[in-house]
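Take a look at the structure below.
Side-chain atoms are counted along with the backbone in the values below, which use heavy atoms only and exclude waters and symmetry mates. Nothing here was measured: the structure is a model prediction, and the numbers come from that model. This chain uses plain numbering: 1 for the first residue, then up along the sequence.
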Amino acid sequence: MDSGMVAVPPGRVTLSDRRTQRSWAVEVAPFRMSAFPVTQAWYAQVTGERPSTARGERLPVEGVSWRDAVRFCNALSRADGLTPVYRLGGESESVDRDVSGDGYRLPSEAEWEHACRAGSGGPRYGRLDEIAWYRGNSEERIRPVGGRQPNAWGLYDMLGNVWEWCWDVYDAEVYGTYRVLRGGGWADEHWSCRASVRRRSHPTFRIDDVGFRVARGEPAAVNASRSL
């Protein structure tokens with residue numbers, strides 16, 4: 001099935017943590033990311049489910065938890081004949097990642113920010129009203145994907161419309177299993193729609209401004225990990 005995956009080149013991104021006042025550089029290997037957040041039509045095609053509050057085939061799926069997003073990645077991998085990346089621990093909250101899996105997954109936080117910036121150095125990859133749906137222009141509703149300008153690498157809605165789940169734990173020392181959200185949403189003020197802004201939530205949390213997009217490792221990188 002057509003996943004609309006975009007090649008993201010390698011690079012380096014600097015992440016930071018407000019609580020600890022710490023920053024650190026991360027080397028990002030080449031990977032592929034879906035050009036749009038997962039839509040309601042795509043989610044329904046893969047899972048048979050329509051969890052969103054607002055309805056529209058081209059609207060980003062929302063009302064999905066981090067665990068829902070992980071399950072979608074595994075289901076999409078199986079549908080495309082790929083090896084699922086995640087192992088879910090049944091009724092427990094544990095989720096393990098199999099680095100040898102060649103299937104779909106959530107982007108890491110570093111991958112997400114690197115992909116969002118697309119080589120740009122500022123807080124955004126363009127003028128906010130041209131690239132994002134946010135409180136200032138959304139008319140307080142979610143919008144179809146692809147309605148704003150993409151970044152330089154062809155990725156749409158990286159800022160605004162819906163927050164996006166990432167793989168990473170936000171801050172285990174303080175927040176336990178809470179996971180990272182990135183990008184800002186249709187109901188947010190302009191200051192939340194910046195490449196560096198981080199939000200957190202419990203992996204079972206669902207709300208109408210949170211969705212996700214999928215990533216895959218480049219085949220060469222996946223094959224290399226299998227040989228280790």
Side-chain angles (χ1 to χ4, degrees), residues 6-38 60 62 66 69 105-138 142-143 145 147-203 205 207 209-215:
V6 172
V8 177
R12 170 181 285 207
V13 65
T14 300
L15 302 179
S16 61
D17 179 80
R18 183 183 301 175
R19 181 182 70 86
T20 62
Q21 299 296 305
R22 187 172 67 94
S23 62
W24 61 100
V26 180
E27 297 290 339
V28 177
F31 69 104
R32 302 184 74 81
M33 176 180 271
S34 57
F36 309 102
V38 172
E62 34 85 358
W66 181 88
R105 56 179 175 78
L106 295 178
S108 71
E109 183 176 15
E111 286 175 331
W112 187 95
E113 185 167 334
H114 173 60
C116 178
R117 291 186 179 280
S120 63
R124 303 181 182 96
Y125 51 86
R127 292 184 55 210
L128 186 59
D129 280 296
E130 296 175 353
I131 64 172
W133 295 112
Y134 70 110
R135 183 180 290 275
N137 65 8
S138 70
I142 198 168
R143 297 300 190 116
V145 299
R148 304 278 88 176
Q149 294 179 4
N151 68 14
W153 294 342
L155 296 164
Y156 294 80
D157 299 297
M158 291 297 294
L159 297 177
N161 219 3
V162 288
W163 290 87
E164 299 180 9
W165 289 111
C166 293
W167 163 252
D168 306 62
V169 171
Y170 182 86
D171 183 342
E173 184 177 335
V174 176
Y175 297 101
T177 61
Y178 277 41
R179 299 285 172 160
V180 171
L181 289 161
R182 288 299 202 107
W186 57 267
D188 285 279
E189 299 290 351
H190 62 89
W191 55 75
S192 289
C193 297
R194 293 179 287 122
S196 61
V197 170
R198 308 170 79 221
R199 180 173 148 187
R200 63 190 178 274
S201 197
H202 192 273
F205 178 75
I207 196 170
D209 68 347
V210 170
F212 67 101
R213 71 179 74 212
V214 296

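- Minimum interatomic distance between F31 and R105 (heavy atoms only, all atoms of both residues): CB-NH2, 4.0 Å.
- The heavy-atom pair separating C166 from R182 by the smallest distance is SG-CG, 3.9 Å.
- Contact detail for G176 and V169: the closest heavy-atom pair is O-CG1, 3.3 Å.
- More than 12 non-hydrogen atoms from other residues, nucleotides or ligands lie less than 6.0 angstrom from CZ of R19.
- For CD of E173, the number of neighbouring non-hydrogen atoms (other residues, nucleotides, ligands) closer than 6.0 Å is 12 at most.
- In terms of modelled atom types and a separation under 3.5 Å, the side chain of S192 and the main chain of G184 share no donor-acceptor contact.
- To the nearest 0.5 Å, atoms CG (L128) and CG (N137) are separated by 7.0 Å.
- Scanning both residues, G211 and V162, for their nearest heavy atoms gives N-CB, 3.8 Å.
- The closest side-chain heavy-atom distance from P60 to F212 is not below 4.5 Å.
- Here the side chains of P10 and V28 are not in contact, with every heavy-atom distance at 4.5 Å or above.
- Note that the CD1 atom of I131 and the CZ atom of R124 stand 7.0 Å from one another [nearest 0.5 Å].
- Side-chain atoms of V8 and H114, non-hydrogen and from C-beta on, do get closer than 4.5 Å to each other.
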TODO: Determine, step by step, whether V6 and M33 satisfy the side chain to side chain contact (heavy atoms under 4.5 Å, CB included) criterion, reporting the C-alpha distance in whole Å, the side-chain angles of both residues, the deciding distance to 0.1 Å, and the verdict.
DONE: CA-CA 5 Å; V6 172; M33 176 180 271; 5.6 Å; no

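- A cation-pi geometry, defined here as NZ or CZ lying under 6.0 Å from the six-membered ring centre and within 45° of its normal, holds between R148 and W133.
- Counting all heavy atoms, side chain and backbone alike, Y156 lies closest to P37 at O-CD, 3.9 Å.
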Open item on the list: Checking R117 against S120 for the side chain to side chain contact (heavy atoms under 4.5 Å, CB included) test, could you report, in this order, the C-alpha distance in whole Å, the side-chain angles of both residues, the deciding distance, and whether it holds?
Closed with: CA-CA 5 Å; R117 291 186 179 280; S120 63; 4.0 Å; yes

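- W163 carries R199 over the face of its six-membered ring, with the cationic atom under 6.0 Å from the centre and within 45° of the normal.
- For the 3.5 Å distance criterion, the side chains of D129 and Y134 qualify, holding a donor opposite an acceptor.
- Across P150 and Y125, no two heavy atoms sit closer than the pair C-CE1, 4.1 Å.
- At a cut-off of 3.5 Å, with distance as the only test, no side-chain donor of E109 or W167 sits close to an acceptor on the other residue.
- Aromatic ring centres of Y170 and Y175 lie closer together than 6.0 Å.
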Task: Test side chain to side chain contact (heavy atoms under 4.5 Å, CB included) applied to V180 and R200, step by step - done: CA-CA 5 Å; V180 171; R200 63 190 178 274; over 6 Å; no

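- With contacts defined as side-chain heavy-atom distances shorter than 4.5 Å, the pair E113/S196 qualifies.
- Here the side chain of Q21 pairs a donor or acceptor atom with the backbone of R18 at under 3.5 angstrom.
- How far CG of L181 is from CG of D209: 8.5 Å, rounded to the nearest 0.5 Å.
- At least one donor-acceptor pair closer than 3.5 Å links the side chain of R135 to the backbone N or O of A187.
- N161 contributes atom CG, which lies 5.5 Å from atom CD1 of I142 (distance to the nearest 0.5 angstrom).
- At a threshold of 4.0 Å, the pair R213-E164 counts as salt-bridged, since one of the basic side-chain nitrogens sits closer than that to a carboxylate oxygen.
- The pair R194-D188 fails the salt-bridge criterion, with no side-chain N (NZ, NE, NH1 or NH2) lying under 4.0 Å from an Asp/Glu carboxylate O.
- Separation of atoms CD (E62) and CH2 (W186) is listed at 8.5 Å; rounding is to 0.5 Å.
- With no hydrogens or angles considered, no side-chain donor-acceptor pair links W24 and D17 at under 3.5 Å.
- Note that CZ of F36 is 12.5 Å distant from CE of M158, once rounded to the nearest 0.5 Å.
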